[in-house]
Student: 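To start, I am sharing the structure in question, which I have written as structure tokens.
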Amino acid sequence: MSKLIIANWKMNPSTVSQAVKLARAEDKKGVVIAPPFPFLPLVSKVLRKAKLGAQDAFWVPKGAYTGEVSIHQLKTLRVKYVIIGHSERRGLGETDWLINKKIRAALAEDLTVILCVGEPWRVRRKGLAAAKRFVKQQLQKDLKGTDKLTKLKAESLITAYEPVWAIGTGHADRPEGAVEMIKFIKKNLQSKTYNLKSRVLYGGSVTGRNAAGFLKQKEIGGALVGGASLKPSEFKRIIRSL
Ligand code: PEP
């Protein structure tokens, strides 16, 4: 399986012309670009090889939900992927209940879900076993009921292991540590409930310098890249290390 690189631009860049320039620079096969909502229409027009992703989506198709964006609206812009449960959204109060609603709605509408899971430092400092328990609980709550969906296929669910302490801190996990957790996540996804042999990525301070260490691991299906995806030269190095 070829590796996938997701560029999560978060709330960047500042202007639409900068977004278009960045999208052109990162328009490569095997890449998913997730810009902020206002830039989706123009980035969608620019991309030839990369696929388009959204950083979130609401689960109700339409109605009085100020500030929300529906899955249907995203699909009209050729969005194929949606990041759900990013730790920055969980930090703003997004619960597993909400995440579960969004995942189920996105799967039902044939979007590929990129579910982010990962433990904060207060858990990790207690050891790997505690971190595994935390991640297992996230998976159970976030994926509750998805096994009943006929649309749940291995390709429609990507999981990103993103230890919260590694996101945006410059302190990436060690590749061996990421592999251990990713094997654990895969074991959970392959359990009788889900029976899914799906892709699991690593995310958390991936850079041009350390990307190869993660991407050469056969268990790691790719990388979710935040900060480094805003710097075309850095992002190119990550892609070159594939
Ligand atoms: C992310 O946004 O999910 C992320 C991993 O960010 P960064 O690469 O900056 O740590």
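What you see below is based on every heavy atom in this structure, not just the backbone, and it leaves out hydrogens, waters and symmetry mates. Here the structure is a predicted model, which means the values were calculated and not measured. Start at 1 and go down the list; that is how both ligands and their atoms are numbered.
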Student: Which protein N or O atoms sit under 3.5 Å from any N or O of ligand 1? Give atom names and distances.
Tutor:
{"residue": "ligand 1", "atom": "2 (O)", "partner": "Asn8", "partner atom": "ND2", "Å": "3.1"}
{"residue": "ligand 1", "atom": "2 (O)", "partner": "Lys10", "partner atom": "NZ", "Å": "2.8"}
{"residue": "ligand 1", "atom": "2 (O)", "partner": "His86", "partner atom": "NE2", "Å": "3.1"}
{"residue": "ligand 1", "atom": "3 (O)", "partner": "His86", "partner atom": "NE2", "Å": "2.7"}
{"residue": "ligand 1", "atom": "3 (O)", "partner": "Glu162", "partner atom": "OE1", "Å": "3.0"}
{"residue": "ligand 1", "atom": "3 (O)", "partner": "Glu162", "partner atom": "OE2", "Å": "2.7"}
{"residue": "ligand 1", "atom": "6 (O)", "partner": "Lys10", "partner atom": "NZ", "Å": "3.2"}
{"residue": "ligand 1", "atom": "8 (O)", "partner": "Gly226", "partner atom": "N", "Å": "2.8"}
{"residue": "ligand 1", "atom": "9 (O)", "partner": "Gly227", "partner atom": "N", "Å": "2.8"}
{"residue": "ligand 1", "atom": "10 (O)", "partner": "Gly168", "partner atom": "N", "Å": "2.7"}
{"residue": "ligand 1", "atom": "10 (O)", "partner": "Ser205", "partner atom": "N", "Å": "2.8"}

Student: With sequence neighbours excluded, what pairs up with Arg199 under the salt bridge (Lys or Arg N to Asp or Glu O under 4.0 Å) test?
Tutor: none
Student: Could you tell me the separation between the CG atom of Leu143 and the CG atom of Leu115, rounded to the nearest 0.5 Å?
Tutor: 5.5 Å
Student: Distance check, rounded to the nearest 0.5 Å: Leu111 atom CG versus Ile71 atom CD1?
Tutor: 6.0 Å
Student: Can you list, pair by pair, the side-chain donor-acceptor contacts under 3.5 Å of residues 46-55, counting residues two or more places apart and other chains?
Tutor:
{"residue": "Arg48", "atom": "NH1", "partner": "Lys45", "partner atom": "O", "Å": "3.0"}
{"residue": "Gln55", "atom": "NE2", "partner": "Lys10", "partner atom": "O", "Å": "2.9"}
{"residue": "Gln55", "atom": "NE2", "partner": "Ala34", "partner atom": "O", "Å": "3.0"}
{"residue": "Gln55", "atom": "NE2", "partner": "Pro35", "partner atom": "O", "Å": "3.4"}

Student: Would you say NZ of Lys136 has more than 12 non-hydrogen atoms from neighbouring residues, nucleotides or ligands within 6.0 angstrom?
Tutor: no
Student: What salt bridge (Lys or Arg N to Asp or Glu O under 4.0 Å) pairs are there with at least one residue in residues 67-84, not counting sequence neighbours?
Tutor: Lys75-Glu109
